[in-house]
Colleague: 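One structure, pasted below without further comment.
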Amino acid sequence: MQSIYAMHQSGSDNLEKQEKFLLYSIDNILDLYLLMLSSLIEIAKKESHFLDKSSQKHLATAEEKNANKKFVNNAIFRMLSENQSLLKAIEDRKITNWTLNDDYILLLLADIKKSDLYANYMKNRVNTFEEDQEFAVSLFMEVIAANEKLYDYLEDYKLTWVDDIPVVNTQIIKQLRALKPNAIDSFSVPKIYKDSEDAQFAIDLFRKTILNETELAKEYINKTPNWDTERIAEIDTIILKMAICEFLKFPSIPAKVTINEYLEIAKEYSTPKSSIFINGILDNLVKEFQSTNRLTKTGRGLM
């Protein structure tokens, strides 16, 4: 959707160039994922270094010599730092941002230490997997993902990441919650595409929508009695064209799946009333396509 919108805004008709940008943007989602996840490793590493350095001071206090290491011994942080799948991906993708910009790690660490979440967690020195996991999930959600300065850094570093941040953060939280004790292998870096067909789908949907925009638009024009077609938000028109394209040109995708997916996209990217409008149009179009035998779906239960 973003690629089609960008193509409209630029006035470009260079399909190949925009297609390459689409693939580039999708590929870079993995870098964002690795960057966000590795922040947990780097934060724990930075705190461990601080505690070690403090304990070795010439006039170290009793508290510094016997510091509470519950945070740095967090089971989730340890599992991530020892996971070969994750470490290899970070190395292969050359994710060195936190090495080059450790001030953001220090900033996050400072915010963590000021939080009630951290204070409550550090009231004792005992690590349990359940508490460590709940703390790590809450820490990521409430402190790291919510940090505005980190968000600004990510936006400045790669503009295409702005729309990907919520998806990536949701995936990380899901994986952190799924970790099992004493099972480092229970975590693995997800693939951007499930298979080659999945990768091809992104290209096909982009191409078929762009190349058939006029025809796809005709399907909903004059079928919006309470809406002025010329005043429909551009994002909404793109959403409608993509959904109609899936209805008519992708027989393996159930119509209900298409509708649900584009309603979620509308809620995220368009106006408050858009999802209601889009749902009404798509629902009516499905009924029309079914009655005229234009909705051809293959496989069981794909209507």
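Since this is a predicted model, take the numbers as computed values, not measurements.
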Colleague: Can you check whether Phe77's main-chain N or O pairs, donor with acceptor, with Ser81's side chain at less than 3.5 Å?
Modeller: yes

Colleague: Do you know which two heavy atoms are closest between Ala266 and Ile239, and how far apart they sit?
Modeller: CA-CD1, 3.8 Å

Colleague: Could you check if a side-chain atom of Phe289 sits within less than 4.5 angstrom of a side-chain atom of Leu285, using non-hydrogen atoms only?
Modeller: yes

Colleague: Does Glu47 reach the side chain of Lys113, with side-chain heavy atoms less than 4.5 Å apart?
Modeller: yes

Colleague: Under 4.0 Å between a Lys/Arg side-chain N and an Asp/Glu carboxylate O for Glu264 and Lys267?
Modeller: yes

Colleague: Any sub-3.5 Å donor-acceptor pair from Asn279's side-chain atoms to Ser275's backbone N or O?
Modeller: no

Colleague: Would you say Asn284's side chain and Gly280's backbone share a donor-acceptor pair under 3.5 angstrom?
Modeller: yes

Colleague: Show your working on side chain to side chain contact (heavy atoms under 4.5 Å, CB included) between Phe247 and Ile253 and close with a plain yes or no.
Modeller: CA-CA 8 Å; Phe247 287 157; Ile253 301 177; over 6 Å; no

Colleague: Considering residues, nucleotides and ligands other than Asp116, do more than 12 of their heavy atoms fall under 6.0 Å from its CG?
Modeller: no

Colleague: Got a donor-acceptor contact below 3.5 angstrom from the Asn212 side chain to the Lys208 backbone?
Modeller: yes

Colleague: Output all residues satisfying salt bridge (Lys or Arg N to Asp or Glu O under 4.0 Å) with Glu16, sequence neighbours left out; order by chain, then residue number.
Modeller: Lys20

Colleague: Going by ring pair (Phe, Tyr, Trp, His ring centres under 6.0 Å), name the pairs with one or both residues in residues 103-125, residues two or more places apart or in two chains.
Modeller: Phe71-Tyr118, Tyr104-Tyr153, Tyr121-Phe135

Colleague: The test is salt bridge (Lys or Arg N to Asp or Glu O under 4.0 Å); show your working for Glu261 and Lys256 and say whether it passes.
Modeller: CA-CA 9 Å; Glu261 285 181 349; Lys256 288 182 180 179; over 6 Å; no

Colleague: With sequence neighbours excluded, tell me which residues meet salt bridge (Lys or Arg N to Asp or Glu O under 4.0 Å) with Lys45.
Modeller: Glu42

Colleague: Determine whether Ile112 and Ile43 make a side-chain contact, defined as any pair of heavy atoms from C-beta on separated by less than 4.5 Å.
Modeller: yes

Colleague: To check you understand the geometry: which heavy-atom pair defines the closest contact between Ser38 and Ile95, and what is its length?
Modeller: OG-CG2, 4.4 Å

Colleague: Does CD in Glu91 sit with more than 12 non-hydrogen atoms of other residues, nucleotides or ligands closer than 6.0 Å?
Modeller: no

Colleague: Can we say Lys69 and Asp52 salt-bridge, meaning some charged N sits less than 4.0 Å from an Asp/Glu carboxylate O?
Modeller: yes

Colleague: Test of understanding: with salt bridge (Lys or Arg N to Asp or Glu O under 4.0 Å), list the residues that count as partners of Lys114, not counting sequence neighbours.
Modeller: Asp111

Colleague: Can you name the ring pair (Phe, Tyr, Trp, His ring centres under 6.0 Å) partners of Phe50, sequence neighbours left out?
Modeller: none

Colleague: May I ask whether Leu205 and Val167 are part of the same hydrophobic cluster, defined by side-chain heavy atoms of I, L, V, M, F, W, Y residues being less than 4.5 angstrom apart, directly or through others?
Modeller: no

Colleague: Taking only residues two or more places apart in sequence, or in another chain, which ones meet Tyr269 in a ring pair (Phe, Tyr, Trp, His ring centres under 6.0 Å)?
Modeller: none

Colleague: Once ring pair (Phe, Tyr, Trp, His ring centres under 6.0 Å) is applied, what residue pairs with a partner in residues 182-209 remain, sequence neighbours excluded?
Modeller: Phe201-Phe250

Colleague: Between Leu22 and Ala202, which heavy-atom pair has the shortest distance, and what is it?
Modeller: CD2-O, 3.9 Å

Colleague: Measuring from Ser39:OG to Leu80:CG, what's the distance to the nearest 0.5 Å?
Modeller: 9.5 Å

Colleague: Locate the shortest heavy-atom distance separating Ala145 from Met36; write the atom from each residue and the value.
Modeller: CA-CE, 4.5 Å

Colleague: Among all residues two or more places apart in sequence or in another chain, which pass the salt bridge (Lys or Arg N to Asp or Glu O under 4.0 Å) test with Lys194?
Modeller: none

Colleague: Return the CG to NZ distance between Leu106 and Lys46, rounded to the nearest 0.5 Å.
Modeller: 5.0 Å

Colleague: Drop me the distance from Lys57's NZ to Lys65's NZ, to the nearest 0.5 angstrom.
Modeller: 11.0 Å

Colleague: Under 4.5 Å between any side-chain heavy atoms of Leu15 and Leu211, yes or no?
Modeller: yes

Colleague: What is the distance from atom CG of Asn169 to atom CG of Leu37, rounded to the nearest 0.5 Å?
Modeller: 10.5 Å

Colleague: Working to the nearest 0.5 Å, report the span between NZ of Lys149 and CG of Asp103.
Modeller: 10.0 Å

Colleague: Report yes if the side chains of Asn147 and Leu107 come closer than 4.5 Å at any heavy-atom pair, otherwise no.
Modeller: yes

Colleague: With Leu150 as reference, evaluate Ile165, Leu108, Leu35 under the side chain to side chain contact (heavy atoms under 4.5 Å, CB included) test and give the passing residue.
Modeller: Leu108

Colleague: Test: salt bridge (charged side-chain N to carboxylate O under 4.0 Å, His left out). Region: residues 170-183. Which pairs qualify, not counting sequence neighbours?
Modeller: none

Colleague: Once you round to the nearest 0.5 Å, how far does CG of Leu240 lie from OH of Tyr220?
Modeller: 6.0 Å

Colleague: Could you pull out every donor-acceptor pair under 3.5 Å between side chains of residues 24-34 and any protein atom, sequence neighbours left out?
Modeller:
{"unit_1": "Ser25", "atom_1": "OG", "unit_2": "Phe21", "atom_2": "O", "d": "2.9"}
{"unit_1": "Asp27", "atom_1": "OD1", "unit_2": "Arg93", "atom_2": "NH1", "d": "3.4"}
{"unit_1": "Asp27", "atom_1": "OD2", "unit_2": "Arg93", "atom_2": "NH2", "d": "3.1"}
{"unit_1": "Asn28", "atom_1": "OD1", "unit_2": "Lys158", "atom_2": "NZ", "d": "3.4"}
{"unit_1": "Asn28", "atom_1": "ND2", "unit_2": "Tyr24", "atom_2": "O", "d": "2.8"}
{"unit_1": "Asp31", "atom_1": "OD1", "unit_2": "Arg93", "atom_2": "NE", "d": "2.7"}
{"unit_1": "Asp31", "atom_1": "OD1", "unit_2": "Arg93", "atom_2": "NH2", "d": "3.1"}
{"unit_1": "Tyr33", "atom_1": "OH", "unit_2": "Gln175", "atom_2": "OE1", "d": "2.5"}

Colleague: Between Gln84 and Leu87, is there a side-chain heavy-atom distance shorter than 4.5 Å?
Modeller: yes

Colleague: Any heavy-atom pair between the side chains of Tyr262 and Ile238 that's under 4.5 Å?
Modeller: no

Colleague: Just do the side chain to side chain contact (heavy atoms under 4.5 Å, CB included) check on Asn68 and Leu51 with the steps written out, would you?
Modeller: CA-CA 9 Å; Asn68 184 350; Leu51 293 178; over 6 Å; no

Colleague: Not counting sequence neighbours, list each pair that qualifies as a salt bridge (charged side-chain N to carboxylate O under 4.0 Å, His left out) and has a residue in residues 118-138.
Modeller: Lys70-Glu131

Colleague: Does one hydrophobic cluster hold both Leu100 and Trp161, with members joined at side-chain heavy-atom distances below 4.5 Å?
Modeller: no

Colleague: Quick one about Glu64 and Ser54 (side-chain donor to acceptor, distance below 3.5 Å, no hydrogens or angles considered), yes or no?
Modeller: no

Colleague: Going by side-chain contact (heavy atoms from CB on, under 4.5 Å), name the residues that satisfy it together with Asp195, two or more places apart in sequence or in a different chain.
Modeller: Glu197, Asp198

Colleague: Can you tell me if Thr99 and Thr96 form a side-chain donor-acceptor pair at under 3.5 Å?
Modeller: no

Colleague: Before giving the answer on side chain to side chain contact (heavy atoms under 4.5 Å, CB included), spell out for Lys287 and Asp283 the whole-Å C-alpha distance, their side-chain angles and the decisive distance to 0.1 Å.
Modeller: CA-CA 7 Å; Lys287 293 174 182 176; Asp283 189 55; 3.4 Å; yes

Colleague: Counting only N and O atoms by type, is there a donor-acceptor contact under 3.5 Å from the side chain of Ser85 to the main-chain atoms of Val189?
Modeller: yes

Colleague: Looking at every heavy atom in both Leu176 and Ala136, which two are closest together, and how far apart are they?
Modeller: CD1-O, 4.3 Å

Colleague: Between the side chain of Gln133 and the main-chain N/O of Leu179, is any donor-acceptor distance below 3.5 Å?
Modeller: yes

Colleague: With the side chain counted from C-beta on, respond yes when Val286 and Thr258 share a heavy-atom pair under 4.5 Å apart, and no when they do not.
Modeller: no

